[in-house]
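Just so you know, these numbers come straight off a predicted model, no measurement behind them.
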Amino acid sequence: MTNSKTLIMCFFLQAIIVMVTIPASHCRSFLPSNENMIESTCKRTPNYNLCLQTLKVSPGSSTADVSGLALIMVKVMKAKANDALKIIHDLQGKGAGPKQRRALSSCASKYKAVLIADVPQATEALQKGDPKFAEDGANDAANEATFCESDFSGKSPLTKQNNAMHDVAAITAAIVRLLL
């Protein structure tokens, strides 16, 4: 009886030692899937599908915590701002009327503000563990996109970019809010 208990205890301890010493990269099945983290996080944002679509294809998202997911979304905001600025510069180069030139110039300054102020503010705040300032940066970026859209009287040539920036920034702000 004592021998069987000892034998069972030895097997149990050996199994624990094996599980503890196997590198985590070799035992992915022992670790919970981060897809659940991404899905549960995205469910708490204003655009679940866009959030899920964006994070699932982003490098590093499969191992990120909520703060890491927020940082990934800030990088997406930066990419959207750069895309919008490129299109603005292309449109400015094609020649436009005075009203459109003013609106494009105004939009360029708004997207530069996103790149110079909002993105660095959100990044630094997340890295320092101060999510309130990161949320402010994301909300400011969403507002800049909305203000850019309203700069055009009538049809804006930047509607697609403004909507994309607004939506990504709103998702970012919602993810950051989870850290408060």
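P120 and V114 get closest at one heavy-atom pair: CD-O, 4.1 Å. Closest approach of A70 and V176 over heavy atoms only: CB-CG2, 3.8 Å. The minimum heavy-atom distance between G137 and D118, with the atom names listed, is O-CB, 3.4 Å. Contact detail for Q161 and Y111: the closest heavy-atom pair is O-OH, 3.7 Å. When all heavy atoms of A141 and M165 are compared, the pair lying nearest together is O-CG, 3.9 Å. Across P59 and I72, no two heavy atoms sit closer than the pair O-CD1, 3.9 Å.
Sequence neighbours left out, the pairs with a member in residues 145-164 that pass salt bridge (Lys or Arg N to Asp or Glu O under 4.0 Å) are K110-D151. A salt bridge (Lys or Arg N to Asp or Glu O under 4.0 Å) check over residues 125-138, counting only residues at least two apart or in different chains, returns the pairs E124-K128, K132-E135, K132-D136, E135-R177.
Using a 4.5 Å heavy-atom cutoff, the side chains of I88 and Q92 are in contact. Inter-residue side-chain proximity for P157 and F152 is flagged as met; some heavy-atom pair is nearer than 4.5 Å. Residues M73 and S58 form no side-chain contact, since every pair of their non-hydrogen atoms from C-beta on lies 4.5 Å or further apart. Counting heavy atoms from C-beta on, the side chains of N163 and T159 come closer than 4.5 Å.
Hydrophobic clustering places L178 together with M77 (ILVMFWY residues linked when any side-chain heavy atoms are closer than 4.5 Å, directly or through intermediates). Note on L71 and L115: same hydrophobic cluster, where clusters join Ile, Leu, Val, Met, Phe, Trp and Tyr whose side-chain heavy atoms are under 4.5 Å apart, directly or indirectly. One hydrophobic cluster, built from ILVMFWY side chains closer than 4.5 Å, cannot hold both V168 and F147; they sit in different ones.
Rounded to the nearest 0.5 Å, atoms CG (N49) and SG (C42) are 9.5 Å apart. Rounding to the nearest 0.5 angstrom, the gap separating the CE atom in M37 from the OG atom in S62 is 11.5 Å. Between the CG atom in N139 and the CD atom in E144 there is a gap of 12.0 Å [rounded to 0.5 Å]. Taking CG of D83 as the reference point, atom CG of L158 lies at 12.0 Å (rounded to 0.5 Å). To the nearest 0.5 angstrom, Q121 atom CD is 13.5 Å from I116 atom CD1. For the atom pair NZ (K99) and OG (S153), the distance works out to 5.0 Å, reported to the nearest 0.5 Å.
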- [ ] In sequence, state the C-alpha distance, the side-chain angles, and the governing distance for E39 and R44, and then conclude on salt bridge (Lys or Arg N to Asp or Glu O under 4.0 Å).
- [x] CA-CA 9 Å; E39 288 178 14; R44 299 173 73 182; over 6 Å; no

Open item on the list: Does N82 form a side chain to side chain contact (heavy atoms under 4.5 Å, CB included) with K86? I'd like the steps, not just the answer.
Closed with: CA-CA 6 Å; N82 280 318; K86 182 185 178 316; over 6 Å; no

Open item on the list: Quick one, L91 with I87, criterion side chain to side chain contact (heavy atoms under 4.5 Å, CB included). Give me CA distance, side-chain angles, the key distance, then yes/no.
Closed with: CA-CA 6 Å; L91 290 169; I87 291 169; 3.9 Å; yes

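A side-chain donor-acceptor contact under 3.5 Å links T146 to the backbone of A142. H89 places a side-chain N or O within 3.5 Å of a backbone atom of L85 that can act as its donor or acceptor partner. Listed for the T123 side chain is a donor-acceptor partner under 3.5 Å among the backbone atoms of V119. The backbone N or O of R101 sits nowhere less than 3.5 Å from a side-chain atom of S105 that would complete a donor-acceptor pair.
Put simply, the residue from I171, L50, I175 that forms a side chain to side chain contact (heavy atoms under 4.5 Å, CB included) with L55 is I175.
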